[in-house]
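Please read these numbers as outputs of a predicted model, since none were measured by experiment.
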Amino acid sequence: MPSSAISWIRCSLAFLLLNAVVGAGSQASLCRGGEVDSWLKLIEQANGELDPERLPSRETREQETLDAMREAEAFFQRVTDEANYQAWMRFLRFDPLRSAIEEEQSIAKRGNAAVELYQRLSGPEEGLELSRLIALRESLDRYIAALRYGDPKRGLALVGRQLSTLQGILTNETDTPIALSDLSGEQVAKIESVVESLADANQADTLVRSIVRRYSSPNLRAFVDGNVIANAVARPVNNPEAVNDCLLGTRVIGNARVVGQVTSQLLPSDGNVRLLVRLDGQFSTTTRGYNGPVTLDTSGIGQVYAARQLVVTEKGIIAGEPIATASLSTNIHRINHPLKLVRKIASKKAAEMKPQAEALSRQKLQSRVLEGFRKQTDENVNRSFPDLDAKMAPWLGRLDLPVPIRQLSSTSDEVHVQVTMQRPLGLSAGNAGPSLSSVRTATSSGTYPGGYTAAIQVHESILNNTVMQLLAGETFTPKKLRELTSSFGLQKDNDESTDEEAQDFEVDFSSFRPVYFEARDQTFRIGLRGDRFAQGGNELDRRLEVSALYRPAITEDNRMILIRDEEIDLQFPGGRRLTLSQTAIKANIEEGFDKLFPDTLLHRPWTIPADAKMPALAGRSADVIGIDARDGWLTIVVR
């Protein structure tokens, strides 16, 4: 039986420029308005083309599900021993759904059994990433859709209501289309729900594709300042070396030294990071040459340079061919021999051979620098990178999470990573995150090269495309919720509280946006939705929504943190007034969630692990110096 696991970023010229900007803005606005207009037309078209023949067949999907259960059962019987097979069968519990289908029980009972099995099949347990179980989940997903839309009259009525809901969102229940930029996170999530429903019913294909295509921008971005890379690579060079060589028949013995600096420079690149690593140094020698009975005391000075381009990908580092140059100038300080005549002849001969000797020495020096630089940079090339895909694949398979689409790039100032986490019918970001230059920090009006270490930008849609399905309908306690928030570094300072009276409650998450965050107008809101709240012997079987609003603030030591508004926002959607007993429970709910939401967020330093591959960065801490929340994006800047 698989074991459980929790786991889980610028006066005529000015006039022309102003007109260009205004004109471009107007055209963009018209484009956005035209986009919504086209969707409204597609809604009208879809309403006129509803086709009962395209609704999913309940009988076909039912048989597919029975077949998928049989194939999964046969798989475990074939590849495992009897004890493990029986353990899997007890975990999967196919009988309730199989019986509901074979006995032709009500649509509701078949649907409940299918949903329960689907939820058991999607979780952190090891083994749920097996292809047979993934195929079974896909069959169950299609079957649940067929149960909902399989009846032509009821199915088309549901589709019609979904189209009306979408039309109302895009017009704010008026006759005037709204700009997509005016949509709230809640409205976009509702659009996503409509899109998924239309796809489940196999209707309005053109509309579905158009909306999904529009909301497909990366929803996670990260930046690393180029100076961080340069500082991590930079190092001084002071390499002494013994000289024992033969040059034009003269044995040369002595000492040499290269003193300099290794530096790096980011280069613009798409799809990878390009880095030019350079060595600039000064070369000096002190030697004595032996040629028969004559010895020569010499010294030399020169410049050495080496460079190599490295291409960094997710898989590893690819090194280009290194280059090296060298210059050398030598001086003969003394010729040693007892006879003056011999010294005179040797001096003349040495002067004649000096150009040739310097050329040969320069070539040898250049070769030594080249090979030494190659060897040192090869150490980085041979560094192994963790296989992210292999590490993520089992979790993506178990939890039906989308495979992240990643793009690595560099400019002369920064390294940039973009990630798109988007389910097949999920909506990702509809706009790019704000430029770093517009994100103020505690000490500056923007974030500029050299003024930060790293920045990360997270879009509201990241949750909808990852944990939503996992949390929907689940029962969570404060302990489980703290585990979830602590995985994002959001735990409170008094996280180890043992106040059982304040901690002892549970909440059933809703199926729609059970957990969400919104980043709008420089405020950051975290919220939870539940369908039931219970504490001790009291229970509130009613929808509730609780959220906390945070605002960026600057501390005395020039950091930025998020500070929570004093009161949490507790609502009971639906309009019905609370009964006396429910009003009494409300105070307990407010107290419980008040203790759950931290008073401050992002107040702790970010520490790089001590065993990080880059020694220059290992163990260092970075403080949050910038927080920006707007247009659905939360930006965090650290230094």
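Judged purely by distance below 3.5 Å, without hydrogens or angles, the side chains of Gln363 and Arg368 never pair a donor atom with an acceptor atom. Under 3.5 Å, the side chains of Gln522 and Asp628 contain a donor-acceptor pair of N or O atoms. Side chain to side chain, Arg257 and Asn238 meet the donor-acceptor criterion of an N or O pair below 3.5 Å. If you check the side chains of Gln309 and Arg274, you find a donor sitting under 3.5 Å from an acceptor. Under 3.5 Å, the side chains of Ser461 and Asn464 contain no donor-acceptor pair of N or O atoms.
More than 12 heavy atoms of other residues, nucleotides or ligands shown are found within 6.0 angstrom of CD on Glu371. Residue Lys364 qualifies as enclosed at atom NZ: its count of foreign heavy atoms under 6.0 Å is above 12. For Lys354, the NZ atom counts as densely surrounded, since its 6.0 Å shell holds more than 12 non-hydrogen atoms of other residues, nucleotides or ligands.
When all heavy atoms of Pro404 and Val419 are compared, the closest pair comes out as CB-CG1, 3.8 Å. The two atoms that bring Leu121 and Arg137 nearest to each other are O-NH1, 2.6 Å, heavy atoms only. Here the closest non-hydrogen pair linking Ser327 and Leu365 is O-CD2, 4.4 Å. Val515 and Leu463 get closest at one heavy-atom pair: O-CD1, 4.0 Å. Shown here for Ile332 and Ala350, the closest heavy-atom pair between the two residues is CD1-CB, 3.6 Å.
The list of ring pair (Phe, Tyr, Trp, His ring centres under 6.0 Å) pairs with a residue in residues 428-471, not counting sequence neighbours, reads His459-Trp633. Sorted by first and then second residue, the salt bridge (charged side-chain N to carboxylate O under 4.0 Å, His left out) pairs involving residues 408-419 (not counting sequence neighbours) form an empty list. Counting only residues at least two apart or in different chains, salt bridge (charged side-chain N to carboxylate O under 4.0 Å, His left out) contacts with residues 418-429 comprise Glu192-Arg423, Glu196-Arg423.
Annotation: salt bridge (charged side-chain N to carboxylate O under 4.0 Å, His left out) contacts of Arg440 (sequence neighbours excluded): none. Every residue two or more places apart in sequence or in another chain that forms a side chain to side chain contact (heavy atoms under 4.5 Å, CB included) with Ala442 is listed here: Ile554, Asn558, Met560.
Under the 4.5 Å side-chain criterion, counting only non-hydrogen atoms from C-beta, Arg525 is not in contact with Phe517. Side-chain contact between Val273 and Leu266: present, with at least one pair of heavy atoms (C-beta onward) separated by less than 4.5 Å. Taking 4.5 Å as the limit, some side-chain heavy atom of Ile229 sits within range of a side-chain heavy atom of Val415. The closest side-chain heavy-atom distance from Ile563 to Arg551 is not below 4.5 Å.
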Exercise for the section: Dump the intermediate steps for side-chain hydrogen bond (donor to acceptor under 3.5 Å, both in side chains) on Thr286 and Asn255, then the final yes or no. Expected result: CA-CA 5 Å; Thr286 302; Asn255 298 294; over 6 Å; no
Practice task
Given salt bridge (charged side-chain N to carboxylate O under 4.0 Å, His left out), test Arg308 with Glu321 step by step and report yes or no.
Solution key: CA-CA 6 Å; Arg308 195 175 194 183; Glu321 194 64 23; 5.4 Å; no
Practice task
Test Asp557 against Thr555 for side-chain hydrogen bond (donor to acceptor under 3.5 Å, both in side chains), laying out the working first.
Solution key: CA-CA 5 Å; Asp557 55 349; Thr555 66; 2.4 Å; yes
Distance-only criterion, 3.5 Å: show the donor-acceptor pairs between side-chain atoms of residues 293-304 and protein atoms not counting sequence neighbours.
| unit_1 | atom_1 | unit_2 | atom_2 | d |
| --- | --- | --- | --- | --- |
| Thr295 | OG1 | Asn336 | ND2 | 2.8 |
| Asp297 | OD1 | Arg288 | NE | 2.6 |
| Asp297 | OD1 | Arg288 | NH2 | 3.0 |
| Asp297 | OD2 | Arg288 | NH2 | 3.0 |
| Asp297 | OD2 | Asn336 | ND2 | 3.4 |
| Thr298 | OG1 | Thr287 | OG1 | 2.6 |
| Ser299 | OG | His333 | NE2 | 2.5 |

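Side-chain atoms of Asn84 never come within 3.5 Å of backbone atoms of Thr80 as a donor-acceptor pair (strictly under, hydrogens ignored). The main-chain N or O of Val439 is found under 3.5 Å from a side-chain atom of Thr447 such that the two form a donor-acceptor pair. Using a distance-only test at 3.5 Å, with no hydrogens or angles considered, no donor-acceptor pair links the side chain of Arg278 to the main chain of Tyr305.
When each of Leu602, Leu601, Val458 is paired with Ile636, the side chain to side chain contact (heavy atoms under 4.5 Å, CB included) condition holds for Leu602 and for no other. Each of Ile405, Leu220, Val403, Ile462 was checked for a side chain to side chain contact (heavy atoms under 4.5 Å, CB included) with Met421, and the lone residue meeting it is Ile462.
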